[in-house]
Asks: 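First, the structure itself, so that you have it in front of you.
Every heavy atom of this structure was used, including side-chain atoms; hydrogens, water molecules and symmetry mates were not. Letters go in sequence order (proteins before strands), and every chain restarts at 1.
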Protein chains: 2
Amino acid sequence: MASTTKRRSRPTLELADARHAGYFNIGQAAEATGVSAKMIRHYESIGLMPVADRTFSNYRIYSDNDIHTLRFIKRARTLGFSMKQIEALLGLWQERRRSSAQVKKLALQHVAELEQRIAEMQAMRDTLQGLATRCHGDDRPDCPILEDLSGAGGSCCAKGH
Amino acid sequence: MASTTKRRSRPTLELADARHAGYFNIGQAAEATGVSAKMIRHYESIGLMPVADRTFSNYRIYSDNDIHTLRFIKRARTLGFSMKQIEALLGLWQERRRSSAQVKKLALQHVAELEQRIAEMQAMRDTLQGLATRCHGDDRPDCPILEDLSGAGGSCCAKGH
DNA sequence: GCTTGACCTTTCCACGATGGTAGGGCCCAA
DNA sequence: TTGGGCCCTACCATCGTGGAAAGGTCAAGC
């Protein structure tokens with residue numbers, strides 16, 4: 001697990017005091033970062049976010065630093081990184097001795113994954129587009145799309161009755 | 001539910017007799033279609049495949065027709081159709097009075113979904129590729145990738161300590 | 001016939017990331 | 001004090017697939 005899982009040792013406070021001191025509750029953190037309260041709790045439970053401090057009445061409170069981390073996670077999700085990859089990126093982010101080569105490697109790995117998935121989906125699209133172009137799209141039942149699905153050979157039997 | 005959910009009324013048999021009569025057990029059906037036994041049972045449970053007939057000893061048996069249907073599903077999955085879409089396609093396939101227009105509409109809907117997802121992933125890839133190109137990838141910690149994730153503004157503070 | 005190993009059966013759990021809901025407690029303003 | 005809105009936990013659902021456990025069946029070799 002990343003170092004983010006370790007507990008902090010902020011003093012426990014009343015919610016009003018915490019707000020005075022510049023802390024946010026989970027709803028405010030969600031609003032400020034675009035990460036739902038639900039997901040903030042989830043990220044804590046899987047160790048992506050540090051265990052949040054609580055007020056006396058058990059409300060989670062978040063510092064500016066936490067907000068910053070949540071924005072980082074949000075941005076990384078938007079770029080399609082997985083939780084595992086984000087965990088690694090967060091580790092590097094918080095690592096003073098990191099080398100940019102490590103970060104670049106992670107990013108390029110993800111680029112390669114994206115390329116892979118893009119290529120797969122383009123192949124699907126091209127096949128379907130080709131079939132659809134050859135389909136009359138009228139009232140008659142004859143359809144090259146169904147013929148393809150029904151056994152790409154073409155010389156095969158016609159089902160449907 | 002599609003008409004595929006209705007039971008058939010094939011006579012119950014011993015397994016050996018069923019094989020003689022040209023039926024397959026689930027393992028053979030899986031082998032012949034590339035759909036795992038697990039997924040064949042799953043497709044039955046969600047009504048995508050008809051409820052399979054059984055031997056006396058409760059083994060599922062499959063006809064050539066079933067094999068054909070499984071291949072249809074497999075091919076449609078390969079083209080990225082969802083279960084819901086496949087249910088509709090199977091319905092049309094088995095419908096004598098279908099119009100090819102209905103099939104074409106489904107296919108083009110799916111093409112549009114694919115285009116959408118492709119565009120999203122291309123945007124991710126382009127952004128990341130750009131960031132990675134600007135990253136030295138050496139031993140130093142400075143990294144435009146982390147800077148982007150850490151608050152795309154650029155003029156923002158640097159975390160990491 | 002009996003043993004053995006491969007197969008079949010069902011049921012439950014897991015993934016990844018997110019949303020929802022239910023039942024309870026807390027906070028703040030009127 | 002009361003009410004509405006927020007927070008807490010704990011659970012279930014999604015979607016498609018894989019895995020494992022615990023038990024029954026089949027087929028081949030002895």
Asks: Distance check: side-chain N/O of B:Tyr43 vs OP1/OP2 of D:dC15, anything under 4.0 Å?
Replies: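 No, outside the criterion.
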Asks: Is there a donor-acceptor pair under 3.5 Å between the side chain of A:Arg98 and the backbone N or O of A:Leu92?
Replies: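 It does hold such a pair.
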Asks: B:Tyr59 has a side chain; which of C:dC7, C:dC27, C:dG19 sits nearest to it?
Replies: C:dC7
Asks: B:Asn25 has an atom CG; how far is it from atom C1' of D:dC26, in whole Å?
Replies: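 Going from CG in B:Asn25 over to C1' in D:dC26 covers 10 Å.
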Asks: Is A:Arg60 near enough to C:dC26 that one of its side-chain N or O atoms lies under 4.0 angstrom from OP1 or OP2?
Replies: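 No.
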Asks: Hey, does the side chain of A:Ser36 come within less than 4.0 Å of C:dG19's phosphate (OP1/OP2), counting only N and O?
Replies: yes
Asks: Would you compute the distance between atom CD of B:Glu120 and atom CD of B:Gln122 and round it to the nearest 0.5 angstrom?
Replies: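 Between atom CD of B:Glu120 and atom CD of B:Gln122 there are 11.0 Å.
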Asks: Quick one: do the B:Thr69 and B:Asp66 side chains pair a donor with an acceptor below 3.5 Å?
Replies: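 No pair is found: no donor N or O on one side chain lies under 3.5 Å from an acceptor on the other.
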Asks: Is the distance from OP1 or OP2 of C:dT9 to the nearest side-chain N or O of B:Asn58 less than 4.0 Å?
Replies: no
Asks: In terms of ring plane angle, is the pair B:Trp93 and B:Phe72 parallel, tilted or perpendicular, where the classes change at 30° and 60°?
Replies: parallel
Asks: Kindly say if A:Ser57 contacts the phosphate of D:dC8, meaning a side-chain N or O under 4.0 Å from OP1 or OP2.
Replies: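 It does not, given that no N or O in the side chain of A:Ser57 lies less than 4.0 Å from OP1 or OP2 of D:dC8.
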Asks: Taking the side chain of A:Arg41 as its heavy atoms from C-beta onward, which of C:dC8, C:dT18, D:dC8 lies nearest to it?
Replies: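 Side chain of A:Arg41 sits closest to D:dC8.
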Asks: So, does B:Arg77 get its side chain near the phosphate of D:dT17, meaning an N or O under 4.0 Å from OP1 or OP2?
Replies: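 Yes, because at least one side-chain N or O of B:Arg77 sits under 4.0 Å from OP1 or OP2 of D:dT17.
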Asks: Strictly below 4.0 Å: does B:Arg54 bring a side-chain N or O up to OP1 or OP2 of C:dT10?
Replies: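 Yes, such a contact exists.
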